[in-house]
Amino acid sequence: LPAGGVSLRLRSTRVALEGINKPVIDRIIRVDHAGEYGANRIYAGQMAVLGRSGVGAVIQQMWNQEKDHLKKFNELMVAYRVRPTVLLPFWNVAGFVLGAGSALLGKKGAMACTVAVEESISDHYNSQIRTLMEEDPEKYKELLQIIKQFRDDEREHHDIGLEHDAAAAPAYAVLKTAIQLGCKAAIFLSERI
Amino acid sequence: VRWQLSPPQRALQASAVLSRVSDEQKKEPLASSSEHQFDSHPTDHQPEQEPHGPRPSYTGQGGQESEDYESEEQLQHRILTAALEFVPEHGWTAEAIAEGAKTLGLSVAAAGMFHSDGSELILHFVSQCNTKLSELLEQEQKLVQLGEAEKKPTDQFLRDAVEARLRMLIPYIEKWPQALSILLLPHNIPSGLNLLTSMIDDIWHYAGDQSTDFNWYTRRAVLTGIYNTTELVMMQDSSPDFEDTWRFLENRVADAMSMGSTANQVQSTGEAVVQGLMGAAVTVSNAETSRA
């Protein structure tokens with residue numbers, strides 16, 4: 001599946017900002033940008049440890065898709081004039097540490113991390129899709145398309161993780177719960193600050 | 001991004017002071033207080049309570065509901081705009097607002113609609129200046145897009161934008177220090193800060209800033225510092241046409257630009273040093289192995 005296959009047709013770097021629910025869109029783009037940024041760093045951490053192993057190619061491919069996602073959100077951020085979260089430097093480090101840490105638990109550990117994070121992100125995208133549908137599906141058509149596409153990509157990553165024996169990772173249940181709690185906290189904070 | 005803000009609590013409901021009758025569909029609410037006399041609306045005796053009526057929004061735009069219906073908010077904006085003419089003489093005070101109300105044919109008691117320290121007048125003025133600046137920058141951007149003007153380099157753009165904005169203070173410069181101190185009152189800080197941050201964000205937006213990382217914050221913080229310090233310098237500047245202030249501004253902007261390149265230089269120097277050390281370490285270890 002080509003990543004970021006939806007093109008946002010912007011005539012200039014700005015979209016019409018009148019008539020949109022700015023606070024809601026602000027939050028959505030800010031937190032999604034932070035999420036893709038964090039995901040990038042997680043995969044970077046995993047590659048640093050497992051880059052030359054058997055799963056290196058798989059992780060690299062998922063990482064490439066996340067890079068495309070981040071690029072798209074960078075564009076949206078400029079177009080909608082949204083402020084990035086102050087916590088970016090923190091997510092930079094935390095993401096890398098999470099990726100590298102889970103990879104040190106082995107290939108299955110890395111896959112378990114992927115499953116946990118991608119599940120959180122898919123659920124999060126789903127709730128955003130619901131919010132936008134409730135607001136005005138027509139007005140936010142392009143944004144909805146992008147988020148739906150990305151949600152599908154993340155779902156795919158989640159499935160790839162499961163295929164690569166994520167469930168056989170050491171302390172899988174605990175690991176998954178802990179990571180998903182962290183994701184919830186990250187989402188909460190990035191929406192607001 | 002502009003936010004709706006609530007101004008300081010009004011001392012009294014003073015809509016009844018409107019002595020002008022227009023073909024209004026809406027009846028003006030009547031309120032009375034033991035402290036002031038009001039001109040009451042001749043035919044209206046409905047005590048409609050409107051304690052949370054529309055507040056002046058410091059976005060500089062009043063919404064137009066229908067053609068001959070003027071909202072309270074719009075009326076307040078008109079009074080404050082008219083009051084600005086009297087600020088050089090009376091300062092940011094209720095007197096200036098009262099004089100402004102008079103020129104619109106309203107009773108001087110209209111000043112009672114506003115806080116006695118002139119907060120709303122000052123915030124209204126700041127918001128108006130910011131709107132003017134945005135319009136100016138928008139115009140400039142259009143000219144560049146049409147190819148009728150050259151795109152300015154960033155430092156020049158920032159200098160010109162800050163200068164244009166500060167020049168709007170010149171007619172009121174005598175009384176501006178007073179305004180600054182009022183803006184620092186606790187109840188004005190949220191509104192004042194909002195106006196400042198959105199103005200700075202606007203300037204960077206039109207300057208072409210597309211950062212989506214921490215630079216977003218660094219740039220705005222730096223420009224806010226430049227703006228505030230230049231404003232203070234301007235208060236004490238007595239040179240012809242404030243040329244000392246613009247020179248100060250030029251130097252600060254140049255400092256800010258060089259900060260960026262200095263940071264890069266430090267980073268490349270650091271990287272070069274690390275590489276040098278690595279090379280030295282490899283050489284030494286090779287020498288050791290070859291000797292052994």
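All of these numbers come straight from a predicted model, not from anything done at the bench. Residue numbering restarts at 1 for every chain, and letters A, B, ... go by the order of the sequence lines.
Within 6.0 Å of the CD atom in B:E150, the count of heavy atoms belonging to other residues, nucleotides or ligands does not exceed 12.
Residues of residues 211-222 of chain B placed with any heavy atom under 4.5 Å of a heavy atom in chain A are listed by number as B:T212, B:D213, B:F214, B:W216, B:Y217.
Residue A:V82 touches chain B through its backbone alone, counting heavy-atom pairs closer than 4.5 Å.
Partners of A:A167 according to the side chain to side chain contact (heavy atoms under 4.5 Å, CB included) rule, which considers only residues two or more places apart in sequence or in another chain, are A:Y172.
When each of A:L87, A:L88, A:N92, A:N74 is checked for heavy-atom pairs under 4.5 Å with chain B, A:N74 comes out on top.
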